[in-house]
Asker: 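Here's a structure for you.
Letters go in sequence order (proteins before strands), and every chain restarts at 1. No hydrogens, no waters, no symmetry mates; every other heavy atom, side chains included, goes into these values.
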Amino acid sequence: MNRATLPVRFALVAFLLCALVLFVQADPSPPAADAKSAADIIDKFLTARQTDANVKAVGRSSDAEFLRRVYLDLAGKIPSVQECHEFLDDQRPNKRELLIDDLLKRPSYVSHFTNVWRAWWLPSMNTDFENPALRQSFEAWLRARLSENATYDQMVREIVTLRAPGNRGIRELGVSGRGQAMNTGVSPTAFYQVLENKAENLGSATSRLFLGTKLECAQCHNHPFATWSREQFWQYAAFFTGLENNRPKREITIPSTKQVVQARYLDDTVPEFKQGVNPRVTLADWMTAKDNKFFARAAVNRLWAHFMGTGLNEPVDDLREGADGKELLDELAHQFAANNYDLKFLIRSLVLSDAYQRTSARPAGEKGAEVTDEEQAPLFDRMQVRGLSPEQLFDSLVEATRYQSTDLPRVRAEFLAKFNNPTERATELQTSILQALTLMNGKLVGSATGMSSSKTLEAVADSPFLDTPKKIDALYLAALCRKATPAERDRLVAYVDKGGPSGDSKQALADVFWAVLNSSEFMFNH
Amino acid sequence: MTMTPLTRRSFLTTAGLVGVSLSGWLERLAADAATHPQRRRSCILLWMTGGPSQMDTFDLKPGHANGGPFKETDTNVPGLKISEHLPKIAQFGDRLAIIRGMSTKEGDHGRATYVMRTGYTPQGAIQYPTLGSLLAKELGHEAEALPSFISVAPYRADNPAAYGSGFLGPRYAPLIVGDTSQLAGGGGGGNRYDEALKVQDLEPPRTLARAHADARIELLRMMEKDFVPSHPGLAPQSHQMAYERAVRLMSTSAAKAFNLDEEPTALRDAYGRNLFGQGCLLARRLVERGVPFVEVSLGGVNGGPGWDTHGDNFTQVQRLSGILDPAWGTLMEDLKDHGLLDSTLIVWMGEFGRTPVINGGRGRDHFPNAWSTVLAGGGIKGGQAIGRTSPDGMTVQDRPVSVPDFLATICEALGIDPKKQNDSNVGRPIRIVDKAAQAIKEVVA
């Protein structure tokens, strides 16, 4: 028998060698691009699409526009007046690129994206101000990972494969009243607690967030719009069984039936479970594999939507096969994976692009208040106006007014609760009447524009070095990161010099500041 | 003039703070709206947070082991009996339709609240609007200064989405008052109702001269005129609309609706000097001024799920009845005195009922199988109970009613077609009430 198998083995090895050679030669994908090249890829693609649609993209944003926008997007709040001056006076031709690099290194990047990822991954935590322990624990974990620039796949893997030490159930990782994860220090355990350790909840959430696939509707019946069946939902949820006692089963009974289904990946392939290896580890391996067609695309689409207003695929967490931007999404996904899922690489690619740096102003002469039709995919020919998160709004108000309070955390928490606005898209953020009233008459803006308690206003009003036009400019810089236009200045100088309706110039200046802080130009990211 | 709703093909070109001042033509417009010739109906929802026990309110089983200590009292309709702890409401028996056959599926606070208040089970992407938003859209009048949907002291923690306008957007979002947690220095129970039942931040700081308050709004208007037309988008439009409505609220006398001290002391006493009682008084004032939908929640000490009586059920229910009865009874009387009862539908409900079997802690647990809701006032044929539960209260023996059936009945009583469709946020139209719903015809006048 040995003699017979020897030539077989030889043939097998030869065959494998040939296959290897062919495989290496056949791999056509170019080496990983750097962020600048990826940005170019974005622009090339979009320009081609715009040309096809006979649409001309608008021009580049002004320095002031770009400055405010990139600070909001990377630091979570508007720049200080000092930072405005520094950037606007900077003569270097590559100052935008340098600013982006600088912002990505700052602690504010970490705190801003802690809020951003938390809002995406645990949206129900946005309103949990009565019981902040869970939210704080999750934020602590996010902060730790973002500070060390953990790669995206590492972060997702950590969530998906989370286990308590020893053989205990996942409840052992629970968060105590003081927000301390009880056994393992910093961990994303809140993710499981919020979802009540239930297989169906974890299945829904992980497929939507990490794989860009909304399975929820299929939980009870075959999905009405897409092709997911009830069976497929439960096959995926089956990965998350046995959390309570750390005895995963790799199968699950569909509720109200006798049907038992085996754990299957979303593309219906059969997992290769190994003895002693937790099924969620196997799932995480599949998820984060470089050729997984869901994982990278979902991440890219979400970040694209974050910076550009709407996703290349909409809805942002439900990737469709036939979407318009599929080619670009695939290419960027490939680059993201090739760059080891480095989040800063992806962010740089997006914000270095011309598409991100376009102005948000509609060119003069265009008529009509047309709003992008839902059916028509956006061409990204103009930067869209996006709402601010409650954190961005509060922190920007504080920055603009240099608001000070001995009780800032409580004031901030109250404000965040009032402004919590669950919305799928930042371009569709709603403002309620109560929010408008709070901004107009509430204590925060009130004290910030009150003559005796606003640092910004005080400094400007009392300054002997500033004439009225310069005072107006100072207020505009503080709030809007730009100087007033000549027309604005003329109008407002006249108002202030006259002292408004009562001849009180100081109050008139406060009125101007109040108006600027309540304006759409302040409230939005544009 | 009715404005078209905020759609993606938006009409708002010159929208915004058009010619607004804090004393001006809006006054006239608001006054016109209040005496609008086609006065439509209004709806007051009395929401019992936590799941009120039907066995101890509207469907008693005296003499049965499950019955508990409460006795029945006659209403002014022979044969129609309710809890002895609801004597004032009992005097309006002829205006009540008690639905004893409610039979629903959800036993979890969050889900049950969502289903009762939207008519649909939570389904991932679709943001179903709450009942108040749906009805406000049908019944409201655009030019009115007061928002069409006002929510008093809601307890939203169990399911915030169940209290929002969902895909109907900010125009139909509720104006919320009575949120004691928002008061500086914390809740303090139901005693700070005067403070709590005002619209927060309605007025500019006292130290600000009125002329400046007007002038700065004018400055803002000019800034918006410069920026918004060149930056079209749904978010800025929503922002403008909110500001416009806020200024309207500030600038007309509409906000005087919240001045409860305009009412006689004796009346305020009759409603009950607590958040719920005064909230019902506020509801009457709002309905009087044309607000089509007001909801008032009754819960625990700080607004929590007070009716969730897993333990010590009878003490708690008696206490809550002691708040509910004077408030609701006086509300009926007060509406009648103002000639509003025939055009105002009152809905009494919670998210589910409670177990007939009394548990070890003298309490009752969640029970959606067989419970009660009540419809009263305008559009309703009162003096009757619809449906019947078994002697032990465990099942519905006659005329089970589902959530959509119940909500469809509410629509019919208000003259609204429950099958009417709205544009949703997932691109397909969604009916106000699920199309399988069967309204309880016997109850609709």
Side-chain angles (χ1 to χ4, degrees), chain A residues 127 130 204 214 216-217 225 315 318 360-362 364 368-375 384-387 414 417-418 422 424 426-438 440-442 446 450 488 491-492 495 500-502 504 507-508 511-512 514-516 518-521 523-524 526, chain B residues 8-13 121 123-125 147 156-157 160-161 164 169-170 173 175-176 181-182 199-205 207-209 211-212 214-217 219-220 222-224 226-243 245-247 249-250 425-427:
Chain A
T127 46
E130 312 234 334
S204 293
K214 267 197 183 149
E216 278 123 352
C217 291
F225 315 129
D318 204 7
S360 60
R362 195 181 40 202
E370 85 290 321
V371 166
T372 316
D373 201 277
E374 173 139 25
E375 288 80 46
Q384 301 184 72
V385 176
R386 294 171 279 148
E414 272 177 18
K418 271 206 177 116
E424 288 251 318
T427 49
E428 295 178 9
L429 186 71
Q430 317 275 24
T431 309
S432 76
I433 299 177
L434 285 185
Q435 287 164 356
L437 287 171
T438 299
M440 286 200 283
N441 302 324
E488 286 168 338
R491 186 172 68 219
L492 296 172
Y495 180 81
S502 65
D504 181 350
Q507 183 58 54
D511 294 344
V512 171
W514 179 93
V516 160
N518 275 281
S519 68
S520 288
E521 191 174 347
M523 294 292 157
F524 293 106
H526 48 84
Chain B
R8 293 183 190 284
R9 291 179 183 77
S10 176
F11 67 96
L12 286 171
T13 48
T121 44
Q123 270 179 57
R156 292 175 286 164
L175 176 70
I176 297 176
S181 68
Q182 294 282 327
V199 177
Q200 302 299 313
D201 297 325
L202 188 60
E203 283 167 28
T207 49
L208 184 69
H212 278 272
D214 275 344
R216 65 187 194 172
I217 289 185
L219 286 179
L220 175 57
M222 287 193 290
M223 289 179 189
E224 294 298 86
D226 282 342
F227 182 81
V228 178
S230 61
H231 292 81
L234 287 168
Q237 282 169 6
S238 161
H239 181 257
Q240 282 210 295
M241 181 168 313
Y243 268 70
R245 308 198 83 200
V247 170
L249 198 56
M250 285 165 65
N425 63 308
V426 291

Asker: What pair of heavy atoms forms the shortest contact from A426(A) to A235(B), and how long is it?
Answerer: O-CB, 4.2 Å
Asker: Give a yes or no on whether the backbone of P229(B) and the side-chain of R362(A) come within a donor-acceptor separation of less than 3.5 Å.
Answerer: yes
Asker: Quick one about H239(B) and T431(A) (side-chain donor to acceptor, distance below 3.5 Å, no hydrogens or angles considered), yes or no?
Answerer: no
Asker: Do the two ring centres, one from F227(B) and one from H526(A), sit under 6.0 Å apart?
Answerer: yes
Asker: I'd like to know which of S360(A), S432(A), G500(A) tops the heavy-atom pair count under 4.5 Å against chain B.
Answerer: S360(A)
Asker: Testing the basics here: between L219(B) and A515(A), what is the closest heavy-atom pair and its distance to 0.1 Å?
Answerer: CB-CB, 3.9 Å
Asker: I need the minimum non-hydrogen distance between M440(A) and A246(B), along with the two atoms involved.
Answerer: CE-CB, 3.5 Å
Asker: Testing the basics here: between V199(B) and L434(A), what is the closest heavy-atom pair and its distance to 0.1 Å?
Answerer: CG1-CD2, 4.0 Å
Asker: Quick one: closest heavy-atom pair of S520(A) and E224(B), and the distance?
Answerer: OG-OE2, 2.7 Å
Asker: Against chain B, label Q435(A) side chain, backbone, both or neither, depending on which of its atoms sit under 4.5 Å from a heavy atom there.
Answerer: neither
Asker: Among A508(A), G387(A), S502(A), which residue forms the greatest number of heavy-atom pairs with chain B at distances under 4.5 Å?
Answerer: S502(A)
Asker: I'd like to verify something: which residue of V512(A), D504(A), L437(A), L492(A) has the highest number of heavy-atom pairs under 4.5 Å with chain B?
Answerer: L437(A)
Asker: Please name the pair of heavy atoms, one in I433(A) and one in L249(B), separated by the smallest distance, quoted to 0.1 Å.
Answerer: CG2-CD2, 4.3 Å
